[in-house]
Each structure stands twice: as structure tokens, then as C-alpha cells.
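One structure is given below, encoded as C-alpha cells.
Throughout, residue positions are numbered sequentially from 1 according to the sequence presented. Scope of the values below: all heavy atoms of this structure, side chains included, with no hydrogens, waters or symmetry mates.
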Amino acid sequence: MQEIPFCLRVGQIPYSMSGSNTTNFTNPSTFILVGIQGLEAAHVWISIPFCTMYSIAVLGNFTILFIVKTVPSLHAPMYYFLRMLAVTDLVVSMSVMPKMLAIYWFNSREIAFTACLTQMHFVHCFSLMESGIFVAMALDRYVAICHPLRHSTILTSPVVAKIGLAVMLHSGLLALPFPLLVRQWPYCRTNIIPQPYCVHIAVVNLACTDTRASSYYGLFVVFCVMGLDVFFIAVSYTQILRAIFSLPTKDARLKTFGTCSSHLCAILVFYIPNLFFTLMTRFGQNVPLNFHILIANMYLLMPPMLNPIIYGVRTKQIRGRLIRLFTHKGT
């Protein structure tokens, strides 16, 4: 079928579509996900860095889970939260990357409507969960540094389990309206999603009705819920820094601050791309489509890939266990 030029602004991004995908419909059975338009011949080569990042993320996070489980000295609240973070990173990457690689390798672009909603829920739910885990880690660092003698009595195993359960329920409930709202809208003109996985704002912008409820709820989650998480983290670290600067010697200050460095790096790796992607999706009228798709690919892969590297390099016990594993295998 001959291609008919058609420009639709999806998430503030102009997109050219074929006539076969611009017919009117109300309840689409499938959506079409997109790789990098105009570079289809190079998709296999483009997929290599993403496949490498995915492999590092899966191997790294499984390694973190194994080490934390097998090293008794890591059976502490901070590392229980680290295990939750590793599981979250695995779920996020595994819910997105297999389909993304199928697009690049086999041009398998179709995704069922229900599968799209499921993927959307997993992406948003576990992204919110990751944000909540960072808040829990900030609480652990605050208690460990500001109230070190009471750390073991405040953050007991039952308390840590309750915090973990609260984070899971909180994230699941907040993410639930995303697919429920998307499911009720009528869709028209196109079923093409101009990125390689389903997220709320990209699907909502395909609807042919007033979707302000979805847009407002999405903004509420980003700026109020995750913003509140950032606020709690900032308050925790304000108190932590006050406690650190009150220490008598420079060596003590540096040593104490070093216990927070992994957490701070992981926070920056998570929140900065998240904020950048959100603002670009909603307000980037002049952002080139290919750049948007590239950022969409990187946005969910960076934290799962970098978190195990950050904690593996910066945490003495994990680093030591890794060295012993590889040294033992080499002898």
C-alpha cells in the first residue's frame, strides 16, 4: 500500500505514518511500536549497545541478589533494600527489553492492546517502586548516621518488611489508574506508538477524546508523588550532612559520607533521566523524533545497568565478595 504522508503530534512529536494505520477505530486490538524511523536497515547494529546494557543489567542485578543472600555481613536493612532495588531493576528491564529487541532484530512491532496495558502498568509501577525504595534507603542512612546506637532497634527485620510491603502497595495502587484510564478512551486516526514500549502519555495521546483526566493524573504522579519522594530524600540528607559536619575529624567525615555515596549516585542515575524524559515528552515540541526514541531507550535501561555497578564498586563487602569469586574461579 502506498504511504500517505500524515503528521500527528504524539507527545509533542511529529510523526509520519502510513495510511494503513490511520483508519478510524474505537477499540484497537493491537498497537504498533516503533524503532528508529529511517534507520530500519541499521536496527541490528543499533540494538547491540542496548542488548549489551540489558545483559549487564540482568547479570549485575542477579549477582547483587546472590551476593547479598550468601554473605552474612550483608544481612542488614540497607542491603535488604538493595535486594528490593535489584528485583525492581530486573522487572523493569525484563518487561521492556525483550519486545524492544524483537523490534530491532525481527521487526516485530505489533503488541496486543492488553499486553500494552500490562507493560505500561509494570513500567510505571516498578518505576514508582524504585523511587520508594530510594526513600527507604535514605531513611536507613539517616538512622545509621544520626542515631547509630539505635539503628538495630529502630530498623528491625519486621519493620524493614513492613516498609517494603508499604512501598509495593503504594506503587501498585498509584500505577493502577494508568491502564484503567487508558482502557476507557476511544482511539482513532492511528495505532502507532512512536517509541519502542508502552507508556501512559504516549498511548493517551492517540485517543480522540478529552484525556485531561489522564494527563492531570500523570502530572500528579510525576510532580507530587515522586516529587514528595525527592523531598523526603532531601530532608534525610540535610540531617545526614548536619551530622557529618559535626564530626570532629576530616577522616571521620569522609568515612561517614562514603557510606552514602552509592545511594547518592543511584539517586542521580534514576531521577535525572526520569525528569529529563518526562519534560521532553510533555513539552519538547521541537525535539527530533529519533532523539526522543533514543532517550526512551536509554531512560529505562540506565538505572538497571548502573545500579549494580555503582554498588559493586562502592560497597566494600560486595566488591570483596566479587573479587573472591573471580579469584577462586581463576585458581
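Residues Thr118 and Pro179 form no side-chain contact, since every pair of their non-hydrogen atoms from C-beta on lies 4.5 Å or further apart. Taking 4.5 Å as the limit, some side-chain heavy atom of Ile36 sits within range of a side-chain heavy atom of His43. With a 4.5 Å cut-off on side-chain heavy atoms, Leu90 and Pro304 do not count as touching. Between Leu264 and Leu268 the shortest side-chain heavy-atom distance does not fall below 4.5 Å. Residues Val135 and Val167 fail the side-chain proximity criterion, which asks for heavy atoms closer than 4.5 Å. Within the 4.5 Å cutoff, the side chain of Tyr54 has no heavy atoms near those of the Met100 side chain. Annotation: side chain of Leu306 is not in contact with side chain of Ile56 (no heavy-atom distance under 4.5 Å). Side-chain contact check for Arg109 versus Asn107: some heavy-atom pair is nearer than 4.5 Å.
Atom CE in Met302 sits 14.0 Å away from atom OG in Ser93 (nearest 0.5 Å). The distance from atom OG of Ser171 to atom CD1 of Ile133, rounded to the nearest 0.5 Å, is 7.5 Å. For the atom pair CD1 of Ile103 and CG of Leu33, the computed distance is 4.5 Å after rounding to the nearest 0.5 Å. Separation of atoms CD1 (Ile67) and CZ (Arg324) is listed at 9.0 Å; rounding is to 0.5 Å. Annotation: the span from Trp185 atom CH2 to Thr211 atom OG1 amounts to 6.5 Å, rounded to 0.5 Å. Rounding to the nearest 0.5 Å places CZ of Phe270 at 9.0 Å from CG of Asp89.
Heavy atoms from other residues, nucleotides or ligands lying under 6.0 Å from OH of Tyr237 number more than 12.
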Derivation and outcome, side-chain contact (heavy atoms from CB on, under 4.5 Å), residues Tyr104 and Val44: CA-CA 6 Å; Tyr104 289 132; Val44 173; over 6 Å; no
Stepwise side-chain hydrogen bond (donor to acceptor under 3.5 Å, both in side chains) test for Ser131 and Tyr271: CA-CA 8 Å; Ser131 181; Tyr271 284 108; 2.6 Å; yes
Trace of the side-chain contact (heavy atoms from CB on, under 4.5 Å) decision for Val71 with Tyr79: CA-CA 11 Å; Val71 177; Tyr79 300 103; over 6 Å; no
Working for side-chain contact (heavy atoms from CB on, under 4.5 Å), residues Cys116 and Ile193: CA-CA 10 Å; Cys116 183; Ile193 298 173; 4.0 Å; yes
Worked verdict on Phe122 versus Met94 for side-chain contact (heavy atoms from CB on, under 4.5 Å): CA-CA 10 Å; Phe122 271 78; Met94 288 180 171; over 6 Å; no
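At least one donor-acceptor pair under 3.5 Å links the side chain of Thr190 to the backbone N or O of Ile192. Looking only at distances, no side-chain donor or acceptor of Glu130 sits under 3.5 Å from a matching main-chain atom of Thr88. Checked by atom type and distance alone, the side chain of Thr315 never pairs as donor or acceptor with a backbone atom of Ile318 at under 3.5 Å. Side-chain atoms of Asp229 never come within 3.5 Å of backbone atoms of Phe134 as a donor-acceptor pair (strictly under, hydrogens ignored). Judged by distance alone, the side chain of Lys99 and the main-chain N or O of Ser108 form a donor-acceptor pair under 3.5 Å. Judged by distance alone, with hydrogens and angles left aside, the side-chain atoms of Thr256 form no donor-acceptor pair with the main-chain N or O of Arg253 at under 3.5 Å. In this structure, the side chain of Arg319 does not engage the main chain of Gly312 through any donor-acceptor pair within 3.5 Å. No side-chain donor-acceptor contact under 3.5 Å links Glu110 to the backbone of Ile32. Side chain of Asn191 to main chain of Thr30: a donor-acceptor pair is present (N/O by atom type, distance under 3.5 Å, no hydrogens or angles). His75 contributes a side-chain N or O that, together with a main-chain N or O of Val68, makes up a donor-acceptor pair within less than 3.5 Å.
By the rule that hydrophobic residues join a cluster once side-chain heavy atoms approach within less than 4.5 Å of another member, Met226 and Ile272 end up as members of separate clusters. The same ILVMFWY cluster, assembled from side-chain heavy atoms under 4.5 Å apart, contains both Phe220 and Val182. Transitive grouping of hydrophobic side chains (ILVMFWY, heavy atoms separated by less than 4.5 Å) brings Phe257 and Val313 into a common cluster. Taking hydrophobic clusters as Ile, Leu, Val, Met, Phe, Trp and Tyr residues chained together by side-chain heavy-atom distances below 4.5 Å, Leu173 does not share a cluster with Val225. Put simply, Leu101 and Phe106 are part of the same group of oily side chains (I, L, V, M, F, W, Y) that touch within less than 4.5 Å, one to the next.
Considering all non-hydrogen atoms of both residues, Leu65 and Val87 come closest at CD2-CG2, 3.9 Å. Closest non-hydrogen pair, Asn307 versus Ala266, comes out as OD1-CB, 3.5 Å. Residues Ser262 and Ile310 approach most closely at O-CG2, 3.6 Å, considering heavy atoms. Closest approach of Val203 and Cys198 over heavy atoms only: CG2-CB, 4.4 Å. Of all heavy-atom pairs spanning Val96 and Gln119, the tightest one is CA-NE2, 3.9 Å. Closest of all the heavy-atom pairs between Val123 and Ser95 is CG2-OG, 4.2 Å.
Defined by atom type and a distance below 3.5 Å, a donor-acceptor pair is present between the side-chain atoms of His151 and Asp140. Between the side chains of Tyr142 and His147, at least one donor N or O sits under 3.5 Å from an acceptor N or O.
Residues Phe126 and His121 keep their aromatic ring centres 6.0 Å or farther apart.
Pairs passing the ring-ring contact (aromatic ring centres under 6.0 Å, His included) check and including a residue from residues 164-183, sequence neighbours excluded, read His124-Phe178, Phe178-His200, Phe178-Tyr217.
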